[in-house]
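By convention in this document, chain letters (A, B, ...) are assigned in the order of the sequence lines, proteins followed by strands, and residues within each chain are numbered from 1. Reckoned from all heavy atoms, side chains included, excluding hydrogens, waters and symmetry mates.
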Protein chains: 2
Amino acid sequence: MSAKRLTATQRPSQIRREREREAMRERILGAAHELFAERGIEAVTMRAIADRIEYTATALYFHFRDKEALLRALLTDDFRLFAAQFQKVATLKDPVARMRASAKAFVAFGLTYPNHYRLMFMTPLSADPGLSAGPDIDQQSPAEDAYTLLQAMVRDAASAGAIKPEFKDLELVCQLLFSGLHGVVSIQLAHNIEGQNEHARIQWRSSNKLRDAMCECLLAGIVTEDAISRSQKKSMEKRS
Amino acid sequence: MSAKRLTATQRPSQIRREREREAMRERILGAAHELFAERGIEAVTMRAIADRIEYTATALYFHFRDKEALLRALLTDDFRLFAAQFQKVATLKDPVARMRASAKAFVAFGLTYPNHYRLMFMTPLSADPGLSAGPDIDQQSPAEDAYTLLQAMVRDAASAGAIKPEFKDLELVCQLLFSGLHGVVSIQLAHNIEGQNEHARIQWRSSNKLRDAMCECLLAGIVTEDAISRSQKKSMEKRS
DNA sequence: AACTATAGTTAACGTCGTTAAGTATAATGT
DNA sequence: ACATTATACTTAACGACGTTAACTATAGTT
């Protein structure tokens with residue numbers, strides 16, 4: 001009743017407990033992340049995670065509703081990392097150069113973190129993130145972050161007059177770019193290319209070749225010739 | 001010793017047994033196929049397959065080395081069905097029209113048999129087909145059938161002068177087409193679009209729109225303008 | 001008629017995700 | 001100050017999974 005009375009969420013012992021809870025969550029996610037990066041998705045079992053932080057498997061259920069929720073929390077970080085790759089090249093002024101750099105970043109991410117990429121874009125986590133969603137957390141869906149950047153990139157390109165006028169649906173352009181690059185990466189990952197023995201059924205071209213070819217095809221289809229030649233002139237200047 | 005002496009593989013009772021063995025294999029694969037088509041990959045368990053044909057789970061191991069081998073045998077049929085889709089349009093004379101029709105068939109297959117597509121192209125079956133291979137069977141890798149058709153299509157297009165001269169690596173062209181379309185399909189399947197609620201994070205365009213856009217982009221990048229305008233004139237004639 | 005390969009069975013192991021029930025410890029109400 | 005209650009775990013267990021070992025009945029061969 002008094003003005004000094006602290007509300008339930010502010011009681012010192014409670015906020016300390018909350019902090020400890022959060023710390024425990026992070027320890028769990030850390031262990032899961034390690035296992036995942038080291039030995040792939042199938043090594044991430046509830047028991048293995050618990051072992052690594054010296055708890056029992058059932059303890060995890062106090063912090064995560066189930067394994068899927070745990071994996072989704074893991075994904076949050078990964079999507080942020082993914083988005084960060086595109087932030088890096090968002091400063092490029094020339095729209096076509098930026099698109100090329102983004103494509104490069106996209107494929108590089110997939111090949112650098114194959115396990116993560118697989119979990120993010122190739123594993124059905126009972127209908128990806130979202131599900132029934134519920135009143136879980138604010139969350140803001142960090143999966144969107146990268147896509148939002150992609151949208152911004154395409155919008156910028158459009159307002160710079162770099163997109164062919166027949167493409168009125170910019171969303172379609174975004175999804176076209178995403179699909180094409182995802183195709184390149186996911187095929188590369190599905191046929192784990194590294195160990196490509198000489199008499200393999202299909203001699204897959206290097207991801208660099210495929211990425212460049214895909215990139216130039218999509219750009220040729222989407223971007224005006226003006227914008228492409230402008231970007232080439234710029235990169236010429238840089239080289240000289 | 002005598003000339004009438006049948007070799008081991010020809011003894012009547014043996015070939016009958018072999019036939020029965022094959023029949024059993026087919027029953028198993030049939031049950032697996034049903035379960036798979038009806039309820040998806042996770043419903044395909046050794047015990048469920050066995051139940052359906054009124055055997056015990058361990059009996060399956062007499063006919064298949066393990067679950068992976070069983071699934072791979074299942075895939076064989078699926079790849080044949082996949083290849084058949086491209087056979088259908090292989091008769092089209094105009095190279096560009098044939099490429100368009102193949103793209104349509106590709107995406108249609110993926111959306112018609114999502115479970116199969118996922119298993120074929122989106123599920124790591126411990127390094128897809130092949131593995132250590134061993135002296136298993138002739139097999140001839142039916143996964144190749146469709147790819148072989150793709151190669152033939154591109155080669156035909158090239159010898160008809162439809163491919164831009166800068167594309168000297170026809171294999172790269174094949175893989176470019178495959179990657180682009182696979183990207184469209186796999187994204188469509190990963191975000192099971194049917195139940196796309198209105199305030200979903202990303203408003204995915206229809207697979208038809210994406211397929212057409214991807215197709216035209218890739219064609220624009222790969223095929224000569226001549227060939228494209230020729231194919232358009234032909235389709236004009238048809239329409240009139 | 002004795003032997004042997006074939007095609008199955010039952011029982012079991014170790015793994016998994018997950019739930020139920022119990023147990024200390026710390027924070028709170030009176 | 002003491003009884004109560006919520007918190008953060010543990011142990012035990014369930015049912016399902018892929019898979020192996022050991023056993024059994026049947027058919028084919030000799």
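Residues B:M214 and A:L218 are in side-chain contact: their nearest non-hydrogen atoms beyond the backbone lie under 4.5 Å apart.
The nearest whole Å value for the distance from the CZ atom in A:R17 to the C1' atom in C:dA27 is 6 Å. The separation between A:D66 atom CG and C:dC16 atom C1' is 14 Å, rounded to whole Å. Straight-line distance from the CG atom of B:D51 to the P atom of D:dC17: 9 Å, rounded to whole Å. As rounded to whole Å, 8 Å separates atom P of D:dT19 from atom NZ of B:K67. Counting to the nearest Å, the P atom of C:dT28 and the CD1 atom of A:I15 are 12 Å from each other. Following rounding to the nearest Å, A:R19 (CZ) and D:dT7 (P) show an atom-to-atom distance of 17 Å. The distance from atom CZ of B:F62 to atom P of D:dG18 is 20 Å, rounded to the nearest whole Å. A:L71 has its CG atom 12 Å from the C1' atom of C:dG17, to the nearest Å.
Listed pair B:R16 / D:dG28 meets the phosphate criterion, a side-chain N or O lying under 4.0 Å from OP1 or OP2. Contact check, B:Y55 against C:dG8: a side-chain N or O comes under 4.0 Å of OP1 or OP2.
Ring-centre distance between B:F121 and B:F109: not below the 6.0 Å cut-off. Ring to ring, B:F36 and B:H116 are close: their centroids are under 6.0 angstrom apart.
Applying the 3.5 Å distance criterion, the base of D:dT11 shares a donor-acceptor pair with the side chain of A:T58.
At most 12 non-hydrogen atoms from other residues, nucleotides or ligands lie less than 6.0 angstrom from NZ of B:K104.
Looking at which nucleotide of DNA chain C each of A:R47 and B:A59 is closest to, the 5′-most match is held by B:A59.
Out of D:dC9, D:dT19, C:dT18, the shortest distance to the side chain of A:A57 is found at C:dT18.
Look at A:R98 and A:D156 and you find a salt bridge, because one of the NZ, NE, NH1 or NH2 atoms lies within 4.0 Å of a carboxylate O, short of that distance.
Using a 4.0 Å heavy-atom distance criterion, A:T56 is classed as a base contact.
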